[in-house]
Amino acid sequence: LVKLNINPTYTQQVSLPVTGEGCCLGSNIVAAGLQIHNFYPPINPDGSYFNYDGLTALAGVYNPVAVAELTETMLKRSRIIGNIIMEYSILDELKLNIMVGGSIIDAKGMRFRPTTPIFFNEPATGRDEASFVTNWLTEFTLNYNKSFGLHNLIAVAGYTLQKQNGL
């Protein structure tokens, strides 16, 4: 008996930068939104972003709407999971099972925030990230199942080996 399973997936994610980078609240949308007083509108009447720089009532907080709209993010992830299972009957009551499986995850991401007065003219920031992770697993099991009249003897012996590498 031989069974084969393969499960490929691909995801592409664009997400808001809800957590800050570095030491300050500047790029944290949630914290900035909670700090801003409701009498400071995030959008000016002309449609531009309200700039919170230099206000004595606030400490260095970026406009959270500007952060959400001007920060570019992307994460692409491919994953393949598969295994093959083989069962071999040595005797009627003794079976050998072998399972070999593995997964590969390939991910690439980016984040970019431009230079603009709304971000206090700080230098543009960005990063590219990539990872590649492989994981494989091998399992060997012997299964013994024998009946003796009213009694049953069941025994299992096994060995598992697994390794993961990542970049």
Item to check | From T134 atom OG1 to L167 atom CG, the distance as rounded to the nearest 0.5 Å | outcome: 8.0 Å
Item to check | Interatomic spacing from CD in E87 to CG in N143 - rounded to 0.5 Å | outcome: 7.5 Å
Next on the checklist: Checking one residue: L142. Which other hydrophobic residues are in its cluster under the side-chain 4.5 Å linking rule?
Outcome noted: V2, L4, I6, I80, I84, M86, Y88, I90, L91, L94, L96, I98, V100, W136, F140, Y144, F148, L153, Y159, L161
Checklist outcome for this item: Y62 and I118 have their tightest heavy-atom pair at CD2-O, 4.2 Å
Next on the checklist: If you compare all heavy atoms of N83 against all heavy atoms of G101, which two are closest, and at what distance to 0.1 Å?
Outcome noted: CB-CA, 3.6 Å
Checklist outcome for this item: Heavy-atom nearest pair, P117 first then N51, reads O-ND2, 3.0 Å
Checklist entry - Are F119 and V67 close enough, and set up right, to give a side chain to side chain contact (heavy atoms under 4.5 Å, CB included), and what steps lead you there? => result CA-CA 8 Å; F119 298 140; V67 172; 3.6 Å; yes
Item to check | Residues that, via side-chain heavy atoms closer than 4.5 angstrom, fall in one hydrophobic cluster with I81 | outcome: none
Next on the checklist: In the structure I gave you, are the side-chain heavy atoms of L75 and R77 within less than 4.5 Å of one another anywhere?
Outcome noted: yes
Item to check | Separation of L137 CG from Q164 CD (nearest 0.5 Å) | outcome: 11.5 Å
Next on the checklist: Checking the side chain of N44 only, and the main-chain atoms of G47 only, is there a donor and an acceptor separated by less than 3.5 Å?
Outcome noted: no
Item to check | Point-to-point distance, once rounded to the nearest 0.5 Å, from NZ of K108 to CD of Q12 | outcome: 13.0 Å
Checklist entry - Should the pair Y40 and Y52 be assigned to parallel (<30°), tilted (30 to 60°) or perpendicular (>60°) ring geometry? => result perpendicular
Checklist entry - Taking all atoms of both residues into account, what is the closest heavy-atom pair of P123 and T115, and its distance? => result C-OG1, 3.4 Å
Next on the checklist: Strictly distance-based, threshold 3.5 Å: is any side-chain N or O of T73 a donor or acceptor partner for the main-chain N or O of S15?
Outcome noted: yes
Item to check | Pair E72-R113, salt bridge (Lys or Arg N to Asp or Glu O under 4.0 Å): steps then yes or no | outcome: CA-CA 7 Å; E72 298 176 40; R113 189 188 71 223; over 6 Å; no
Checklist entry - Can you tell me how far the OG1 atom of T116 sits from the CG atom of L70, to the nearest 0.5 Å? => result 6.5 Å
Checklist entry - In terms of heavy-atom contacts, does CG of N165 have more than 12 from other residues, nucleotides or ligands at under 6.0 Å? => result yes
Checklist entry - If we ignore angles and hydrogens, is there a donor and acceptor under 3.5 Å between the side chains of D106 and S78? => result no
Checklist entry - Has the side chain of D128 got a donor or acceptor atom that lies under 3.5 Å from a matching backbone atom of M110? => result no
Checklist entry - Listed by chain and number, what are the side chain to side chain donor-acceptor pair (under 3.5 Å) partners of D46, not counting sequence neighbours? => result S48
Checklist entry - Do the side chain of N5 and the main chain of G82 share a donor and acceptor less than 3.5 angstrom apart? => result no
Checklist entry - Y10 and K76: side chain to side chain contact (heavy atoms under 4.5 Å, CB included), yes or no, with the steps? => result CA-CA 7 Å; Y10 174 77; K76 296 178 183 181; 3.5 Å; yes
Next on the checklist: Within the structure provided, determine whether F112 and T71 are in side-chain contact (heavy-atom separation under 4.5 Å).
Outcome noted: no
Next on the checklist: Measuring from atom CZ of F132 to atom CD1 of I104, what distance do you get when rounded to the nearest 0.5 angstrom?
Outcome noted: 5.0 Å
Item to check | Beyond-backbone contact of N135 with Q162, side-chain heavy atoms, under 4.5 angstrom | outcome: yes
